[in-house]
Each structure stands twice: as structure tokens, then as C-alpha cells.
J.: 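Before we start, here is the structure in question, set down as C-alpha cells.
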Amino acid sequence: GMDQEDTLRVYPYFRHVFAGGLLFSLPLLYTMEMWWTGFIADPRRLIIYTLVTFALLIGYNRFAGFREEVTYRDIVVESTEEMGLGLLLATVVLWLVGQITPEMSLEEIAGKIVIESMVVAIGISVGTEQLGSGGGNGGQSGGDRAEAAPLASQVVMSTCGAVLVAANVAPTQEIVVIGVGTTPEKLFGLVLASVAIGTVILYFSEFRGTHRRRKPAGMVDMVGGVGVMYGVALISSAFMLWFFGRFEGVDAHTMLAETVVLAFPASLGASAGRLLIGG
């Protein structure tokens with residue numbers, strides 16, 4: 001009867017939630033710099049961080065499923081659920097690894113949970129879509145929806161991919177160390193490598209499960225697509241570095257260097273994200 005149908009729908013959903021949420025965010029739940037950022041985070045930054053994540057979730061849920069019958073109200077509800085599940089999952093894991101204890105102040109506990117839960121929420125969103133609960137019905141209308149808003153869709157998918165990959169290293173001290181110690185020639189090399197690898201992933205890779213291309217991309221399309229991808233990688237990297245306090249007390253040259261360094265993994269995520277996540 002009805003109960004059995006509901007059960008069949010709910011079990012896979014939770015499987016995908018936990019698999020997706022932890023698959024993409026577990027390294028961050030085990031990272032000391034993330035705990036420290038939660039400990040010292042400014043409430044205004046946390047609010048901006050949360051709003052940006054929520055906007056990303058809404059964008060992802062709007063473009064990833066390509067389900068014509070879904071309303072904006074459904075999308076907001078789904079995004080809110082994912083935020084809630086992200087908070088819950090982050091709380092449980094942080095408690096299990098001893099990073100939330102009764103002796104801590106409420107501010108420290110809240111800061112740690114909020115910071116960790118945002119990437120968990122994006123992971124949950126991607127996991128639910130990719131691992132089966134929403135991905136199946138994207139086939140028919142995906143083309144039409146993607147045509148309707150190609151740029152918005154590209155930006156959202158690229159940003160989700162960039163955040164999921166680059167967030168694992170953004171809070172670490174290593175980014176600052178590399179940024180301070182690198183030469184302009186090596187930075188230029190990193191830009192070239194980011195663009196080259198992004199181009200290969202976007203236009204010359206066949207991932208299983210992605211829709212077949214209707215026609216090979218022209219040069220203008222390729223330059224535009226790679227430009228959007230690398231722009232998203234740079235902006236996402238700068239935002240994450242600002243949020244994690246990596247721009248404090250350094251000059252403009254070091255800020256730029258750190259951004260280019262982080263944009264290397266971010267561009268990998270942005271290009272793969274657009275193909276794999278966007279389909």
C-alpha cells in the first residue's frame with residue numbers, strides 16, 4: 001500500500017543524503033583549520049556564508065534536476081531541507097570526533113557547526129541528485145532547460161563543483177605558504193595549467209552518464225565556456241580565502257597569488273562540476 005511506497009522512496013533518499021553529504025565534506029570535518037575558523041568566525045561572515053550557500057543550493061536544485069513540474073516553492077523547501085540535514089550531519093560528526101563538547105561556549109559550537117554544515121549541505125544536494133533520487137528524470141527536458149538559461153546554469157554548476165573541490169584546501173595554511181613563496185612565472189604556469197585542464201575536461205572528456213554532445217563546440221563556444229569556468233574558479237577561490245581569513249595581513253600581490261593557487265583545484269572542480277553535475 002501507500003506506506004510501502006513511501007518507505008521505498010525515503011530509504012534511497014537518506015542513503016543518498018549520507019553518501020553525498022559525507023563523500024564531499026568528510027575531509028573538512030576532519031580539518032583543524034575548519035574547527036579553528038568556526039571558533040573565531042565573525043557572525044556577519046557566517047550570515048554571508050550561509051546566504052551564499054543557500055543561494056547556491058537554490059540554483060543547483062533549479063538547474064540540476066531539470067524537472068519541469070517543480071515550482072520555486074518546491075525548490076526553496078528542498079534547499080531548506082538540505083541545509084537542515086547539513087546542520088544535523090555536521091553536528092553528529094563533529095560530536096563523534098570530539099570537536100563539540102559541553103564545556104565549549106555556544107558561540108564556538110554554533111560557529112563550528114555552521115561552517116562545516118554548508119559544504120555538507122552542497123554535498124547532500126549533489127549526492128541526492130547524482131546518486132539516483134533525482135538524476136533519473138533529467139533526460140528528456142534537460143536540453144530545453146539548459147538552452148533556456150545556459151549562462152546561469154553554467155555558473156551555478158561550475159560554482160558548486162569549484163566549492164566542493166577547493167573547499168578541502170581553502171582553509172589550510174598551505175595555500176598561504178605556496179602563495180607567499182611562488183614566483184610570477186609559476187603563477188602564470190598555474191593559470192595556464194588551470195585553463196588547459198579545464199578545457200580538456202569540458203570539451204575533450206567523455207564522462208559516463210553525461211548526455212552526449214549534439215555537436216562539437218566551436219572556438220567561440222570553447223573560449224566562452226572556459227572563460228566562464230575560470231572566472232567562476234577565481235571568484236569562488238577569492239570568496240573562500242576571504243571567508244577563511246587568508247587575506248588578512250597580506251599585500252595585494254599575495255592575495256592574487258593565493259587566489260591563483262586555489263583556482264587550480266577550483267577550476268578542476270568547476271569544469272568537472274559543470275559536466276558531471278550539470279549532465
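For reference, positions follow the sequence shown, starting with 1. For the numbers below, each heavy atom of this structure counts, side chains included, while hydrogens, waters and symmetry mates do not.
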J.: Among the clusters formed by ILVMFWY side chains lying less than 4.5 Å apart, do Ile100 and Ile40 turn up in the same one?
T.: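 Ile100 and Ile40: separate clusters.
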J.: Is there a side-chain contact between Leu94 and Glu116 in this structure, where contact means two heavy atoms from C-beta onward sitting under 4.5 Å apart?
T.: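 Answer yes - side chains close enough.
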J.: Give the minimum heavy-atom separation between Met34 and Pro171, together with the two atoms involved.
T.: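 Nearest heavy atoms, Met34 then Pro171: SD-CG, 3.7 Å.
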J.: Could you tell me whether the side chain of Ser267 reaches within less than 4.5 Å of the side chain of Ile197, counting heavy atoms only?
T.: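 Side-chain contact under 4.5 Å: no.
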J.: Check the pair Leu22 / Leu29 against side chain to side chain contact (heavy atoms under 4.5 Å, CB included), numbers first and verdict last.
T.: CA-CA 9 Å; Leu22 293 177; Leu29 289 158; 4.2 Å; yes
J.: Could you check if a side-chain atom of Glu33 sits within less than 4.5 angstrom of a side-chain atom of Phe244, using non-hydrogen atoms only?
T.: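 No - every pair of side-chain heavy atoms lies 4.5 Å or more apart.
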J.: Say whether, by atom type as modelled, one donor and one acceptor occur between the side chain of Tyr230 and the main chain of Ser194 under 3.5 angstrom.
T.: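 Looks like no, no N/O pair under 3.5 Å.
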J.: Answer yes or no: is there a side-chain heavy-atom contact under 4.5 Å between Thr50 and Met83?
T.: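 With C-beta onward as the side chain, the pair touches.
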J.: Would you indicate whether the side-chain heavy atoms of Val76 and Phe54 approach each other to under 4.5 Å?
T.: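 Yes. Closest side-chain heavy atoms under 4.5 Å.
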J.: Please check if the side chain of Lys112 supplies one atom and the backbone of Gln99 the other of a donor-acceptor pair under 3.5 Å.
T.: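 Confirmed, Lys112 side chain pairs with Gln99 backbone.
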J.: Which distance, rounded to the nearest 0.5 Å, do you find between the CE of Met118 and the CD of Glu82?
T.: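 CD of Glu82 is found 11.5 Å from CE of Met118.
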J.: Within this structure, what is the CD1-CG distance for the pair Ile175 and Leu262, rounded to the nearest 0.5 Å?
T.: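 One gets 5.0 Å once the value is rounded to the nearest 0.5 Å.
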J.: Applying the 4.5 Å side-chain criterion to the ILVMFWY set and letting contacts propagate, would Phe39 and Met240 be lumped into a single cluster?
T.: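 No, no single cluster joins them.
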J.: Say whether, by atom type as modelled, one donor and one acceptor occur between the side chain of Ser236 and the main chain of Ala233 under 3.5 angstrom.
T.: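 No; judged by distance alone, with no hydrogens or angles, the pair does not exist.
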J.: Compare every heavy atom of Leu164 with every heavy atom of Gly123, then report the nearest pair and how far apart it is.
T.: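 Heavy-atom minimum between the residues: N-CD2, 4.0 Å.
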J.: Which heavy atom of Asn168 sits nearest a heavy atom of Pro27, and at what distance?
T.: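 Looks like OD1-CB, 3.4 Å.
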J.: Please say yes or no: joined through hydrophobic side-chain contacts below 4.5 Å, possibly via intermediate residues, are Leu187 and Leu241 part of one cluster?
T.: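 Same cluster: Leu187 reaches Leu241 through Ile, Leu, Val, Met, Phe, Trp or Tyr contacts under 4.5 Å.
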J.: For atom CE of Met104, decide whether the heavy atoms of other residues, nucleotides or ligands shown that lie under 6.0 angstrom number more than 12.
T.: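 Atom CE in Met104 is crowded, with more than 12 foreign heavy atoms closer than 6.0 Å.
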J.: What is the distance from atom CD of Glu108 to atom CD of Glu103, rounded to the nearest 0.5 Å?
T.: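 Going from CD on Glu108 over to CD on Glu103, the span is 10.5 Å.
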J.: Checking Phe204 against Met222 for the side chain to side chain contact (heavy atoms under 4.5 Å, CB included) test, could you report, in this order, the C-alpha distance in whole Å, the side-chain angles of both residues, the deciding distance, and whether it holds?
T.: CA-CA 11 Å; Phe204 302 101; Met222 277 177 67; 3.8 Å; yes
J.: Hey, could you give me the CG/CZ distance between Asp42 and Arg44, rounded to the nearest 0.5 Å?
T.: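 Spacing of CG (Asp42) from CZ (Arg44) equals 4.5 Å.
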J.: How close do Met255 and Phe247 get, heavy atom to heavy atom, and via which atoms?
T.: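 Looking at all heavy atoms of both residues, the shortest contact is CE-O, 3.4 Å.
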J.: Going through the distances and angles, do Tyr60 and Ile122 end up as a side chain to side chain contact (heavy atoms under 4.5 Å, CB included)?
T.: CA-CA 9 Å; Tyr60 180 78; Ile122 294 173; over 6 Å; no
J.: Find out whether Ile48 and Trp242 are in side-chain contact, i.e. whether some heavy atom of one side chain is under 4.5 Å from a heavy atom of the other.
T.: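 A side-chain contact exists here, since the closest heavy-atom pair is under 4.5 Å.
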J.: Do Thr53 and Ser117 make a side-chain contact, defined as non-hydrogen atoms from C-beta onward lying under 4.5 Å apart?
T.: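 They are not in side-chain contact.
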J.: Check whether Val126 and Leu57 end up in the same hydrophobic cluster, where Ile, Leu, Val, Met, Phe, Trp and Tyr are linked by side-chain heavy atoms less than 4.5 Å apart.
T.: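 As far as the 4.5 Å side-chain criterion goes, Leu57 and Val126 are connected within one cluster.
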J.: Please answer whether the main-chain N or O of Val155 pairs with a side-chain N or O of Thr159 as donor and acceptor at a distance below 3.5 Å.
T.: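 Judged by distance alone, yes, a pair lies under 3.5 Å.
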J.: Apply side chain to side chain contact (heavy atoms under 4.5 Å, CB included) to Arg274 and Val232, showing your working.
T.: CA-CA 11 Å; Arg274 208 181 110 195; Val232 164; over 6 Å; no
J.: Taking the side chain as C-beta and beyond, is there a heavy-atom pair between Gln173 and Val176 under 4.5 Å?
T.: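 Gln173 vs Val176: side chains touch.
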J.: Distance check, rounded to the nearest 0.5 Å: Tyr203 atom OH versus Met229 atom CE?
T.: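 One finds 8.5 Å between OH of Tyr203 and CE of Met229.
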J.: Output the distance between atom OG1 (Thr183) and atom CD (Glu185), rounded to the nearest 0.5 Å.
T.: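 These two atoms lie 4.5 Å from each other.
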J.: Any chain of hydrophobic side-chain contacts (each under 4.5 Å) joining Leu88 to Leu26?
T.: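 The answer is no; the residues belong to distinct hydrophobic clusters.
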J.: What heavy-atom pair brings Ile113 and Ala90 nearest, and what distance separates the two atoms?
T.: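 Closest approach of Ile113 to Ala90: O-CB, 4.1 Å.
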J.: How far apart are the closest heavy atoms of Val165 and Pro265, and which atoms are they?
T.: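 Where Val165 meets Pro265 most closely, the heavy atoms are CG1-O, 3.4 Å.
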